[in-house]
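Read through the structure below, which is laid out as structure tokens, and then see the notes.
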Amino acid sequence: MKLHPAKLLFLQVLVAVIALAIWQIGATVPIGGDYLLPEFFFSKPWDVLSRVVQLFVSGTIWKHLWITLTETVLAFVIGSAGGVVIGFWFARKPVVAAVFDPYVKMFNALPRVVLAPIFMLWLGLGIWSKVALGVTLVFFIVFFNVYQGVKEVSPVVLANARMMGMSERQLFRNVYWPSAMSWMFSSLHTAVGFALVGAVVGEYLGSSAGLGYLIHQAEGVFDVTGVFAGMFILAAFVLVIDWFVTRVERRLLVWRPQAASEQN
Amino acid sequence: MKLHPAKLLFLQVLVAVIALAIWQIGATVPIGGDYLLPEFFFSKPWDVLSRVVQLFVSGTIWKHLWITLTETVLAFVIGSAGGVVIGFWFARKPVVAAVFDPYVKMFNALPRVVLAPIFMLWLGLGIWSKVALGVTLVFFIVFFNVYQGVKEVSPVVLANARMMGMSERQLFRNVYWPSAMSWMFSSLHTAVGFALVGAVVGEYLGSSAGLGYLIHQAEGVFDVTGVFAGMFILAAFVLVIDWFVTRVERRLLVWRPQAASEQN
Amino acid sequence: METALRRPGDAMASPGAGALAVALDDVSISFAIKGRPVFKAVAPTSLHVGDGEFVAIVGPTGCGKSTLLNATAGLLKPAGGRVSIFGEPLAGLNAKAGYLFQQDALMPWKTALDNVAIALEIGGTRRAEALAQGREWLGRVGLARFTDRYPHELSGGQRKRVALAQVLVRDPKILLMDEPFGPLDAQTRQIMGTLLLRLWARDRKAVMFVTHDLEEAIALSDRVVIMSAGPEARIIGDFPIDLARPRDTADIRLDPRFHQLHREIWNQLKAEVVKTYGEEMP
Amino acid sequence: METALRRPGDAMASPGAGALAVALDDVSISFAIKGRPVFKAVAPTSLHVGDGEFVAIVGPTGCGKSTLLNATAGLLKPAGGRVSIFGEPLAGLNAKAGYLFQQDALMPWKTALDNVAIALEIGGTRRAEALAQGREWLGRVGLARFTDRYPHELSGGQRKRVALAQVLVRDPKILLMDEPFGPLDAQTRQIMGTLLLRLWARDRKAVMFVTHDLEEAIALSDRVVIMSAGPEARIIGDFPIDLARPRDTADIRLDPRFHQLHREIWNQLKAEVVKTYGEEMP
Amino acid sequence: AQAADVEKPNLTLGVGGKPLLYYLPLTLAERLGYFKDEGLNVEINDFGGGAKSLQALIGGSVDGVTGAFEHTIRMQQKKQDIRAVIDLGRYPGIVLAVRKSEADKIKTVADLKGKNIGVTAPGSSTHILVQYAFAKAGLKPDDASFIGVGGGASGVAAMQKGEIDAISHLDPVISKLDDLGLINVMIDTRTTEGTEKLFGGMNPAAVLYFKESFIEANPKTVQALTNAFYRTLKWLEKATPDEVAATVPEEYWLGDKALYIKAFNASRPSFSTNGNIDEASRKAALNLIATTDPTIDPASIDLSKTFDGSFLAKAKSP
Ligand SMILES: Nc1ncnc2c1ncn2[C@@H]1O[C@H](COP(=O)(O)OP(=O)(O)OP(=O)(O)O)[C@@H](O)[C@H]1O
Ligand SMILES: Nc1ncnc2c1ncn2[C@@H]1O[C@H](COP(=O)(O)OP(=O)(O)OP(=O)(O)O)[C@@H](O)[C@H]1O
Ligand SMILES: [Mg+2]
Ligand SMILES: [Mg+2]
């Protein structure tokens, strides 16, 4: 059931084309007197595309893109590192985990939008307040998965490693870490998106540059085309980061048997 | 390493007391001429607590709480059901997964704040536009984990089940589903918080009731005490939902050997 | 050695002899290993198992016995050759076969009883009926008191017996068994062997039985097939067992013919195993 | 039967006999099973293994052999009784012991070589040295050509041999081995047995060796211990093996004393196994 | 005032930040019970900003909006027929202030060149006002860097941390900053003088607007709402600060009644007294956005379609 890469690409493009066609029709052909996707809210695909091209051609986008990239990568790296470390720590110290469990869950439930002023107060208007927002999203996703991943380590493999005399640290390196890896990467794929969301929402709530700023500005003057162009760039952008994550994953998980569902 | 429940509770309360003490000191004792947690941004714990009590005593909170609860539960249920179904579907249909993979990742990266007007357009101002926001958060978390969970099914157990002649449907019920369960619950714990975040952010961006509305109102008039009181109620609230999730989890995962890290 | 492969009385092993349950013709199996040349586990090999025939497969560890069963089950696509089941070329899984895996393959989230019952339920048996039969089978393998245990609460030998019940309860036409009695003590082995033979005698299934215990192979089977050490393992011996049926798996070991066969096969096998270690042993 | 437990020549089995590597005194083991009465797997039982003594443990499947090893390893807390290692009460894991598990316990993310080398590296051996020794050990167990395979790319018997190398390379004072040669063919079994005996003769480790092959038990050990069928399994037989050392694991089977011992132990074991199936077998 | 026979007694109004003084008449009308008196049952939906409330109107989730007058002009450009029926605020109520420590260096708008200026959001009215001032002072729109600081406490935080040199914002942020002694006011469009100085006339800010289609379908409802707001404006004209403070919910007091009254007093002149938007005011508004947004073509805007004074006229002479 493996697809030929060219065929795969073709199908992917086909999906995009169909989606764009629906969009175009919804925005321009009234159905029962009403537009399915009114232009005021959705713009038109062609306008959005030409705006994207224009943003790149005129070069204004680069500065914003660069800032958002920096924030996203920082949020992603700091958030996942934190999630991994604290996740492991909690998993290995059941007492710590039990005591802090309710607090972690409480923090996870705080709406980040409300926290923005506090981050600004502490971290200023620069990139760090946006990074902080991203971190609060990324951290919890990674944390919960790593925590669970460590608890799912095969008891027999663990017992064997412990009988070899591994110290806590060696167990971490040789057992917990590799075993929790597929959990970790699963959460990283979600986290990439959320890191970007955090950065953009942060910019949206207060900043002087970045994709979120661009989108917010466009929204303020009801420039939906601008909003969609910004979101489009954003989305394309996350694919690039995810591609890197996938590469690292492939590299680190060579030892896996081919996934059961891919066999045969 | 099991803690006595009473001792555990004591430690948990201790943590809360310490945190509150730091907060109180930070808000009232200047350090080097500056407050660490200026009252204007952080209020004071005692004020927040008495506001919470007041909100409950006066009874104004119930209506808001009820609306937010409804939104959260709906977002959680719909989002996780969608994540589970689509996650399984993608995991079992590698071609579908390969074709849609980039689009799923793109959607995951769209800032929900920007999507709010579109949801309002489609779903109106009622609870459904808030539910939709929550769903877009919950869905992706659950989706990625279920997708990965299915792929991690033990190849030998799967081969055995297939040799028994199980149909795709039977495989789902008897193999994929139970096997992906611990992945699913791990993601549900994260998702509970995000369902609430989605609901509250939706209310924050436009509504006439709900906890997010309360917080937004308070924020607009610099009523930090109100903001923190709202967040506090929110956080307490998520613990209740999580408690339900944990109960269901315990019930469904009786077959597990005691987690490796809890043994000995 | 050619004579061992084509004995006069060995009609069933030759192609076109009518009802062949399993026919592996020139099947070869390779594994792709990252950054290494392809590993040719099994060289082109033919093996025919007649309907109702009990074939035991022995060979040094790592030679390709499990691999051969996997190919017969349809879990592994051979690199070359044809696999036919009752005359039909095999496409996808082998629906006629029951497979007892070498590794633990029970569903950890089901109790012993549920693990056995599900094998019937997926065929459409009602639950109550499936449970009753499951309970009966667990009793037969000596686990009547362990029906509601989860696999991790059972000993290695107990898990294997649950798996045995799981395969036998379905009553498949072809039985693929990979060291089914490995983790059992000698006594239990014999009891299980007798159980298997009784079942087999009733409706004459085709059985491919992998074991390391040559005595067991001889005591149970119609034919013992010997594989050479891998890589590129082949079938290098094919001995019909002309002991009378029905057999008592314990008493048969006292039969002089048994000893003669044992010695004969053993000598060939030994030579083979030594090859594996030939250069490598200290 | 009491005489079987306390034979005159059995000095090492009695407490206070000096250097005892492992002393299990009145150890009992229970498992809590949800919604069921506690399952008493092992009734209060004593077993003493002298320093340098090779004890084989046999018993019907599911009687509690693995459980007993787990208790000795410190992986399982006994419900009652004391476990002492070289005179010290055991607290936590048994650092002096190497344990070959009945189940697959290799790290799936490490190659065969890394799985063996890591056992040395954690003790502080430099990587190059650990790899060299790992390679040597894999050669000894006949896997020189499989060093860079991941566990899922190995056959069942190959994985077991990697695990064997992993345990032996560390050279522990106490060896706990749970059916180490289970998935190996008879010939390889003997080769591995000889390898183990050679190693043991060199620096006289204490060995607790669980097996279902009574011949193997007699051929290798100083003492064969028999467990009764569970639940509440006990040690019901303790036979010193007075065969001369060094032994050739193949030739020794021709010794008449071997056969005498075999018959003696077998009779007791058989009675025991039948009990397990007593009421249950069809 | 008539009652009962309105077409749509249950209706929803949108607003972007109800507690803001900018929208005080809305809260007052609600609290004084004037909607009820008109036989209306009004649900007020609060949004994350003015733009979102307008989007809700276009999307059909709310029936009317109290928002900025400029929206009606912008929407005309976007082919959406939106009309104001009554003015609530005569002046924009926006204040441009500089940080005290910089006050001696920044004396005029021209001195803001190259500085960091906080605005509520990029593209918002606070941003546009500064750009207008820039245009008048001969600066280009990107001669300073504009930082969106949001509506709430973030503006205060940014000023406290010294991350912005000037701020263009609304009450209560301005009053709070003033209270903390952090700023010097440079342009104050809460007052008549300030507004006239900048625009040379009035410049309507908060208005009540509807979709033209809604006005057409529900004239009595619109009339009832206009009546209620007109009555509120009249009440507000005479009310003492204490009466106002007593009318709004206690939570709106910014945790400090004195500060609230101070803010109210500062904003007081900006509330409309007669609800009318005259020709000159509309021109001034168009001029403002046309100066700062090159995509707006002033020639194509029909200002008569931005304000429908007929309801106000009826409200004045019942
Ligand atoms: N997935 C795989 N990838 C690469 N090589 C494999 C794979 N599976 C098996 N092999 C190799 O193929 C050969 C045959 O393996 P197989 O499991 O069939 O042996 P076996 O005869 O069943 O041995 P045992 O008696 O030890 O179970 C072995 O050398 C093994 O290393
Ligand atoms: N975790 C557990 N929970 C409950 N019962 C258990 C558990 N582990 C083992 N048992 C029971 O304890 C008894 C002894 O098990 P053990 O694994 O020690 O048997 P064994 O002698 O090693 O058998 P085998 O030869 O089959 O490996 C068995 O009846 C088994 O069902
Ligand atoms: Mg095998
Ligand atoms: Mg065992």
Starting from the C-alpha separation in whole Å, work towards a yes-or-no answer on ring pair (Phe, Tyr, Trp, His ring centres under 6.0 Å) for B:Trp23 and B:Phe228.
CA-CA 12 Å; B:Trp23 183 1; B:Phe228 274 82; 5.5 Å; yes
Taking B:Leu65's backbone N and O only, do any of them form a donor-acceptor pair with B:Thr68's side chain (distance below 3.5 Å, no angle check)?
no
Examine distances only and state if a side-chain atom of B:Ser187 and a backbone atom of B:Met184 form a donor-acceptor pair shorter than 3.5 Å.
yes
Tell me, side chain or backbone of B:Phe185 under 4.5 Å from chain A's heavy atoms, or both, or neither?
neither
Taking the inter-plane angle between the rings of A:Tyr147 and A:Phe90 on a 0 to 90° scale, is it parallel (under 30°), tilted (30 to 60°) or perpendicular (over 60°)?
perpendicular
Where on B:Leu137 is there a heavy atom nearer than 4.5 Å to chain A: the side chain, the backbone, both, or neither?
both
Largest heavy-atom contact set with chain A, pairs under 4.5 Å, which of B:Leu239, B:Val227, B:Leu196
B:Leu239
How would you list all residue pairs meeting salt bridge (charged side-chain N to carboxylate O under 4.0 Å, His left out) that involve residues 179-206 of chain A, not counting sequence neighbours?
none
Heavy-atom distance under 4.5 Å to chain B: side chain of A:Ile215, backbone, both or neither?
side chain
Are the side chain of A:Ser186 and the backbone of A:Ser182 linked by a donor-acceptor contact shorter than 3.5 Å?
no
Which region of A:Leu110, side chain (C-beta onward) or backbone (N, CA, C, O), has a non-hydrogen atom less than 4.5 Å from a non-hydrogen atom of chain B, or is it both or neither?
both
Residue B:Glu152 versus chain A: region with a heavy atom under 4.5 Å
side chain
I'd like to know which of B:Lys105, B:Met231, B:Gln148 tops the heavy-atom pair count under 4.5 Å against chain A.
B:Lys105
Looking only at the aromatic ring of each residue, does the gap between the centers of A:Phe144 and A:Trp183 stay below 6.0 angstrom?
no
Honestly, the part of B:Phe10 sitting under 4.5 Å from a heavy atom of chain A is neither
Heavy-atom proximity to chain A below 4.5 Å, by part of B:Phe143:
neither
With chain B, which of A:Leu234, A:Asn145, A:Val192 has the greatest number of heavy-atom pairs at distances under 4.5 Å?
A:Asn145
Spatial distance of atom CZ (A:Phe140) from atom CZ (A:Phe194) [nearest 0.5 Å]:
13.0 Å
Given heavy-atom pairs under 4.5 angstrom as the criterion, report whether the side chain, backbone, both or neither of A:Phe237 touches chain B.
neither
Determine the option with the most heavy-atom pairs under 4.5 angstrom with chain A, choosing from B:Val156, B:Val197, B:Thr190, B:Val201.
B:Thr190
Which bit of B:Asp242 is near chain A, if near means a heavy-atom gap under 4.5 Å: side chain, backbone, both or neither?
side chain
Is chain A contacted by the side chain of B:Ala16, its backbone, both, or neither, given a heavy-atom distance below 4.5 Å?
both
Would a distance-only check, ignoring hydrogens and angles, find a side-chain to backbone donor-acceptor pair under 3.5 Å from B:Ser129 to B:Phe119?
no
